[in-house]
Amino acid sequence: MSKALLDDLRARGLIFQVAGEEDLPRWLEGGVRTLYCGFDPTADSLHIGSLVPLLMLRRFQLAGHKPLALVGGATGMIGDPSFKSEERKLNSPEVIGGWVEKIRKQVSRFIDFDCGASSAEVVNNLDWTAGLDVLTFLRDIGKHFSVNAMIQKESVKQRIEREGSGISFTEFTYMILQSFDFAELHKRYDCTLQLGGSDQWGNITGGIDLTRRIHGSQVFGLTMPLITKSDGTKFGKTESGTIWLDAQRTSPYAFYQFWLGVADADVYRFLKYFTFLDVAAIDAIEADDAARDGRPEAQAILAREVTRLVHGEAGLEAAQRITTALFNGTLAELSEDDVLQLRQDGLPASTIDRTALPETLTQLFADAGMAASGKQVKDALGRQAVTVNDRTLGLEDNGNVAGCFAESDAVFGRFYLVRLGKKKYHLFEAG
RNA sequence: GGAGGGGUUCCCGAGUGGCCAAAGGGAUCAGACUGUAAAUCUGACGCGCGAGCUUCGGUGGUUCGAAUCCACCCCCCUCCA
């Protein structure tokens with residue numbers, strides 16, 4: 001079982017580094033093992049950067065192990081300096097406390113809390129650090145760390161060596177806090193494996209060392225590779241910003257679209273990282289796509305699988321409804337209910353008042369969030385890139401807002417679907 | 001506390017009295033080509049439809065005129081104590 005797990009992870013390219021590589025396979029085969037991965041509250045939602053570790057917890061659980069999702073109520077107060085180029089601002093305890101609760105819920109969707117011995121748990125490291133006093137911390141924990149070793153860690157080296165940056169004692173101490181988490185989870189839950197992104201290697205090995213020193217136990221660490229894109233830009237960001245897991249921040253539709261837009265050069269790799277499809281099945285998809293001309297199937301499969309994982313079947317259906325309506329059909333084919341459903345599904349929408357329209361389209365569309373500024377709208381207008389209910393507008397229409405939103409042109413008497421560029425849609429409803 | 005270096009438009013980074021809304025690169029947006037890809041080419045890129053308006057850490061000042069000069073303040077970095 002666990003042999004198969006590690007082989008599968010390796011085949012998926014999900015294993016970057018392993019601490020205790022020789023002993024880990026045998027250890028995992030020997031029974032139900034407890035493992036953990038930490039998620040720090042740096043916002044009120046996780047983003048897709050956390051998806052790989054979240055799914056990793058699930059992969060281990062499916063293989064019969066017990067996952068702990070740690071929400072960093074304590075570490076989030078400090079800020080992880082690993083590979084960060086500069087010191088970060090501290091958020092207030094109240095704010096962080098609010099985020100902890102949201103992330104606790106979010107994390108919970110990915111793991112099973114009721115499956116016997118391998119039932120998951122969510123823990124918060126504030127539980128064992130809040131009551132820790134400075135002297136105890138320094139004497140019992142700090143004494144095990146060598147500053148010489150800590151400053152050698154690659155994760156903070158650039159901060160220490162690079163001209164123009166620096167690191168506060170607070171952030172420098174982060175590694176010790178996270179190390180203590182591992183030792184404490186080992187004591188409380190018999191946790192013996194920590195997962196993390198490759199940037200966590202230094203913090204994880206710190207925890208392994210500390211656990212050995214305090215408890216005399218061998219524990220393991222495993223890191224996942226950094227997700228890269230073939231074009232070198234940062235994964236997880238797009239024109240409209242970060243892709244969040246929270247449906248309030250990134251709608252299922254936008255989420256689905258993100259995956260649909262993955263480059264060919266990345267898509268098969270992402271299928272392995274972000275779905276539970278067999279590696280063999282993914283290879284078959286790739287072979288099919290290669291054998292056929294035109295557009296690959298892989299993006300659609302990836303979008304479907306990941307959206308279902310994160311937003312559920314209902315979220316997926318909503319996303320697909322919008323996608324089909326906007327990209328594969330025309331507005332004329334939609335019923336009134338369909339239009340209402342699109343708005344319900346998360347298609348960007350706003351209401352307009354025909355008696356109080358802004359003077360220009362540039363202002364209206366910029367205010368609706370379709371473009372960052374009126375200039376961009378103007379540019380699009382000048383290139384015939386704006387349509388209202390499938391009618392193309394030009395620069396000369398800019399001052400004629402009322403004419404563009406005439407009652408007679410409305411669908412079902414009140415709807416206008418505006419497209420700006422190839423992919424940006426916005427539904428206006430006359431109120 | 002002392003000495004030195006630095007804070008420019010989303011990011012990096014030029015700019016040291018007018019020719020600066022500020023070079024160049026990146027990111028981003030739009031168009032062409034396409035497959036809602038990639039690559040490439042083109043245009044935009046402080047705000048404003050426009051006249052115009054508001055920027056170069058902050059506040060005052062010098063000047064006909066300041067991102068550029070002066071004073072004070074804030075913040076960051078390096079070294080010393």
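Below, chains carry the letters A, B, ... as their sequence lines are ordered, and counting in each starts from 1.
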Nearest listed nucleotide, side chain of [X], among [options]:
| X | options | result |
| --- | --- | --- |
| Thr323(A) | C49(B), U36(B), U42(B) | U36(B) |
| Ser373(A) | G35(B), G48(B), A30(B) | G48(B) |
| Gln299(A) | C49(B), G31(B), G35(B) | G35(B) |
| Lys422(A) | U34(B), A38(B), U36(B) | U34(B) |
| Leu260(A) | C49(B), A30(B), U36(B) | U36(B) |
| Asp379(A) | C49(B), U36(B), A44(B) | A44(B) |

#### Entry: Considering all heavy atoms, the nearest Gly73(A)-Val100(A) contact
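Nearest heavy atoms, Gly73(A) then Val100(A): CA-CG2, 3.7 Å.
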### Message
Give me the atom names and distance for the closest heavy-atom approach of Gly403(A) to Arg391(A).
### Response
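For Gly403(A) versus Arg391(A), the nearest heavy atoms are O-NH2, 3.9 Å.
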Describe the nucleic acid contact of [X] in one word from base, sugar-phosphate, nothing, applying a heavy-atom distance below 4.0 Å.
| X | answer |
| --- | --- |
| Ala265(A) | nothing |
| Ala372(A) | nothing |
| Gln257(A) | base |
| Asp264(A) | base |
| Gly421(A) | sugar-phosphate |

### Task
Answer yes or no: is there a donor N or O on one side and an acceptor on the other, between the side chain of Asp133(A) and the main chain of Thr136(A), under 3.5 Å?
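Answer holds: yes.
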### Query
Backbone N or O of Glu429(A) within a donor-acceptor pair of the Tyr416(A) side chain at under 3.5 Å?
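Not at all, since once roles are kept as given, no pair shorter than 3.5 Å links the two residues.
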Measuring only the [atom1] atom in each nucleotide, how far is [N] from [M]? A whole number of Å is fine.
| N | M | atom1 | answer |
| --- | --- | --- | --- |
| U59(B) | U8(B) | P | 16 Å |
| A39(B) | C19(B) | C1' | 39 Å |
| G31(B) | A23(B) | C1' | 26 Å |
| A67(B) | U9(B) | P | 14 Å |
| U54(B) | A71(B) | C1' | 26 Å |
| A14(B) | G25(B) | C1' | 11 Å |

### Option passing side chain to side chain contact (heavy atoms under 4.5 Å, CB included) with Pro41(A) (candidates Thr75(A), Ile103(A), Leu46(A))
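Running side chain to side chain contact (heavy atoms under 4.5 Å, CB included) over Thr75(A), Ile103(A), Leu46(A) with Pro41(A) returns exactly one hit, Ile103(A).
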### Query
Is it the case that Thr360(A) and Lys378(A) place a side-chain donor and acceptor less than 3.5 Å from each other?
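Note: Thr360(A) and Lys378(A) side chains miss the donor-acceptor criterion.
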### Message
Check Glu21(A) with Arg10(A), please: is the shortest side-chain N to carboxylate O separation under 4.0 Å?
### Response
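Salt bridge flag = yes for Glu21(A) with Arg10(A).
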### Message
If the threshold is 4.0 Å, N to carboxylate O, is there a salt bridge linking Asp8(A) and Arg12(A)?
### Response
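Result for this pair is yes, salt bridge flagged.
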### Query
Side-chain contact, heavy-atom cut-off 4.5 Å: Leu14(A) with Lys272(A)?
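In short, these two side chains do not touch, never coming nearer than 4.5 Å.
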### Query
Taking only N and O in the side chain of Arg295(A), is any of them less than 4.0 Å away from OP1 or OP2 of U36(B)?
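Answer is yes, contact under 4.0 Å.
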### Query
What one-letter contact string describes nucleotides 51-56 of chain B from 5' to 3', where B marks a base within less than 4.0 Å of any protein heavy atom, S marks contact via sugar-phosphate atoms alone, and - marks no contact?
------
When you compare the protein's N or O atoms with those of nucleotides 20-26 of chain B, which come within less than 3.5 Å of each other, and at what distance?
none

### Message
Rounding to an integer number of Å, can you tell me how far Leu381(A) CG sits from C49(B) P?
### Response
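From Leu381(A) CG to C49(B) P: 11 Å.
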### Query
Expressed in angstrom and rounded to an integer, what is the separation of Leu326(A) atom CG from U36(B) atom P?
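Atom CG in Leu326(A) sits about 13 Å away from atom P in U36(B).
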### Task
Could you check Tyr253(A) against Phe258(A) for ring-ring contact (aromatic ring centres under 6.0 Å, His included), going step by step and ending with a plain yes or no?
CA-CA 9 Å; Tyr253(A) 162 67; Phe258(A) 169 80; over 10 Å; no
### Task
Establish, yes or no, whether the cationic atom of Arg59(A) lies under 6.0 Å from the six-membered ring centre of Phe276(A) and within 45° of the ring axis.
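Checked: cation-pi criterion met.
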Pairs under 3.5 Å (N/O, protein and nucleotides 5-12 of chain B):
none

